[in-house]
Amino acid sequence: MSKNVLITGGCGFIGSNLCNRIYQSGYNVSAFDNLSLGKKENLTPKVKFIKGDVEKIKDLENLPGKYDYIVHLAGASCTFMFQEDLKAAMSNNILGFINVLDFARKTKVKKVLFASTSSIYGDNPTPFTEDQHVIPPNFYSVAKHSMEHLANVYNREYGTEIIGFRFLSVYGPKEEHKTRYANLVSQFLWNIWLDKIPIVYGDGLQERDLTNVADVCAAVQLAVETPKKFGHTIFNVGTSKNYNLHEILEKINQRLGKNIKHKHIKSPLKWTARHHLADLTKIQKALGYVPKYTLDQGIDEIAKNLEGRPKSSIPNV
Ligand SMILES: NC(=O)c1ccc[n+]([C@@H]2O[C@H](COP(=O)([O-])OP(=O)(O)OC[C@H]3O[C@@H](n4cnc5c(N)ncnc54)[C@H](O)[C@@H]3O)[C@@H](O)[C@H]2O)c1
């Protein structure tokens with residue numbers, strides 16, 4: 001019999017890519033989302049959509065059916081959201097996660113998987129390893145770090161199997177609803193496609209380990225399917241290769257056959273990571289994860305999605 005998977009934040013960027021992939025692999029998939037940002041249209045029609053809010057335990061308790069796995073991706077998904085409304089973003093991520101864990105425990109879900117972030121590494125030496133001491137540098141990563149600690153204690157107290165992922169800069173299709181919150185690759189592509197000048201914070205020499213959403217989904221699926229038990233653990237999900245912003249812009253200009261110059265401004269953020277690079281030894285050994293997509297392939301895929309569309313339909317960020 002097909003296994004039932006509940007994906008919170010299922011209409012979002014990573015969530016919808018994951019719902020569609022997991023469905024294709026033969027699972028019964030339910031996407032749970034309050035549509036505060038994500039779009040139902042991101043889902044293939046075969047994925048079941050359930051409108052609900054992880055901050056409301058009743059919305060989870062009223063869910064029809066029983067789930068084997070929960071992938072928890074709902075929440076405030078970037079630093080800017082914490083700048084705009086700190087209390088709401090914290091409550092969404094922390095209270096929402098506790099509700100999901102309680103619901104999973106009470107309904108005997110086999111495994112909970114959740115999104116943390118590589119931002120918690122701050123300016124640690126690269127490559128980032130999961131055992132590094134971290135001091136989260138901003139509110140977003142404080143929330144994610146707290147979720148990791150919550151997961152750890154929750155597992156000790158109740159035995160719930162919980163796997164967290166520190167995703168590194170995810171980009172790919174189905175990110176348009178995120179507009180100015182989207183990854184730099186998408187935002188730069190939209191800018192250059194529309195002949196707009198891309199804005200670069202600082203000197204542009206900051207490096208990012210850019211991970212295609214298809215690789216992220218593959219990693220999550222491996223973690224869902226592994227028979228191994230971890231109790232609670234954390235995995236980096238990246239590519240072990242990084243690019244600075246100049247290199248990213250050059251690749252995009254080349255792919256689109258343009259030569260749009262960018263503009264530097266002082267970063268509006270108090271802190272941004274200088275270097276980003278994942279060590280993947282742990283996830284490779286434990287789950288056999290190997291990233292497949294190059295940045296050129298990823299840029300090409302997003303560019304193809306823009307072809308033939310009216311300019312008014314491309315995010316103007
Ligand atoms: N995109 C990245 O580069 C990246 C990197 C590291 C971690 N993450 C994490 O991965 C997860 C998914 O990120 P994403 O990029 O797909 O973002 P996203 O904003 O596209 O997806 C989040 C989804 O959650 C929904 N949502 C928000 N609050 C909710 C609530 N209270 N109840 C139900 N649904 C709610 C939104 O409508 C949206 O569809 C987030 O937890 C994010 O912090 C993302």
Side-chain angles (χ1 to χ4, degrees), residues 6-20 30-43 47 49-60 63 70-82 85 88-100 103 113-121 128 136 138-148 164-187 208-217 219-220 234-239 273 276 278 298 315:
L6 181 73
I7 302 182
T8 75
C11 296
F13 165 44
I14 300 173
S16 60
N17 279 284
L18 185 67
C19 283
N20 298 342
S30 302
F32 179 94
D33 202 299
N34 65 1
L35 300 182
S36 55
L37 192 62
K39 296 267 174 287
K40 245 162 85 173
E41 298 70 45
N42 281 339
L43 298 172
V47 169
F49 168 68
I50 301 164
K51 184 150 189 221
D53 189 328
V54 290
E55 283 198 77
K56 297 179 183 153
I57 189 71
K58 281 269 171 273
D59 285 0
L60 291 163
L63 281 168
I70 298 180
V71 185
H72 176 53
L73 301 170
S77 58
C78 80
T79 308
F80 293 108
M81 297 177 185
F82 286 75
D85 192 339
M90 281 288 176
S91 168
N92 196 354
N93 285 20
I94 306 294
L95 178 63
F97 190 40
I98 295 172
N99 282 341
V100 167
F103 170 71
L113 305 99
F114 74 97
S116 180
T117 176
S118 59
S119 301
I120 71 167
Y121 286 113
F128 301 144
N138 54 24
F139 293 123
Y140 172 55
S141 51
V142 166
K144 292 294 188 185
H145 199 218
S146 308
M147 288 168 70
E148 291 186 3
F165 303 97
R166 293 177 182 167
F167 300 138
L168 283 98
S169 290
V170 190
Y171 72 95
K174 302 199 183 293
E175 202 183 6
E176 294 188 12
H177 64 274
K178 288 186 78 173
T179 60
R180 69 197 173 84
Y181 301 130
N183 185 274
L184 282 179
V185 174
S186 299
Q187 293 203 42
R208 295 288 174 267
D209 184 340
L210 296 157
T211 315
N212 193 291
V213 69
D215 282 326
V216 164
C217 294
V220 175
I234 295 289
F235 292 115
N236 286 338
V237 182
T239 68
H276 240 201

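For ligands, and for the atoms within them, numbers begin at 1 and follow the listed sequence.
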Sub-4.0 Å heavy-atom contact, [X] with ligand 1:
{"X": "G75", "result": "yes"}
{"X": "E175", "result": "no"}
{"X": "T8", "result": "no"}

Does any N or O in the side chain of N42 come within less than 3.5 Å of the main-chain N or O of C11, such that one atom is a donor and the other an acceptor? yes
Under 4.0 Å, heavy atoms only, figure out whether ligand 1 is touched by the backbone of [X], its side chain, both or neither.
{"X": "S116", "value": "backbone"}
{"X": "R166", "value": "neither"}
{"X": "L37", "value": "both"}
{"X": "Y171", "value": "neither"}
{"X": "H177", "value": "side chain"}

Using a strict cut-off of 4.0 Å, indicate which atoms of ligand 1 neighbour a heavy atom of [X].
{"X": "C11", "result": "39 (O)"}
{"X": "V54", "result": "30 (C), 31 (N), 32 (N), 33 (C)"}
{"X": "S77", "result": "13 (O), 17 (O), 18 (P), 19 (O), 40 (C), 42 (C), 43 (O)"}
{"X": "A115", "result": "9 (C), 10 (O), 11 (C), 41 (O)"}
{"X": "G12", "result": "20 (O), 21 (O), 38 (C), 39 (O)"}
{"X": "G52", "result": "32 (N), 33 (C)"}

At what distance is the nearest protein heavy atom to [atom], and which residue and atom is it?
{"atom": "atom 28 (N) of ligand 1", "result": "N92 ND2, 3.0 Å"}
{"atom": "atom 34 (N) of ligand 1", "result": "N34 N, 3.2 Å"}
{"atom": "atom 25 (C) of ligand 1", "result": "D33 OD1, 3.3 Å"}

Classify the ring geometry of H276 against F128: parallel below 30°, tilted from 30° to 60°, perpendicular beyond 60°.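 Rings of H276 and F128: perpendicular, over 60°.
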Only one of R166, H145, E148, K144 passes side chain to side chain donor-acceptor pair (under 3.5 Å) with S116, and that residue is E148
Side chain or backbone, does S118 bring an N or O within less than 3.5 Å of an N or O on ligand 1? no
Would L73 count as a polar contact of ligand 1, with the cut-off being nitrogen or oxygen pairs under 3.5 Å?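 Min N/O separation from ligand 1 is below 3.5 Å for L73.
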What's the verdict on side chain to side chain contact (heavy atoms under 4.5 Å, CB included) for F167 and T211, showing C-alpha distance, side-chain angles and the deciding distance? CA-CA 8 Å; F167 300 138; T211 315; over 6 Å; no
Check: L95 and V54 side chains under 4.5 Å, non-hydrogen atoms: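 Of all side-chain heavy-atom pairs linking L95 with V54, none is under 4.5 Å.
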Can you establish whether the number of heavy atoms outside Y181 located under 6.0 Å from its atom OH is more than 12?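 Check passes, neighbour count above 12.
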Please step through side chain to side chain contact (heavy atoms under 4.5 Å, CB included) for the pair M81 and L37, ending with a clear verdict. CA-CA 11 Å; M81 297 177 185; L37 192 62; 3.6 Å; yes
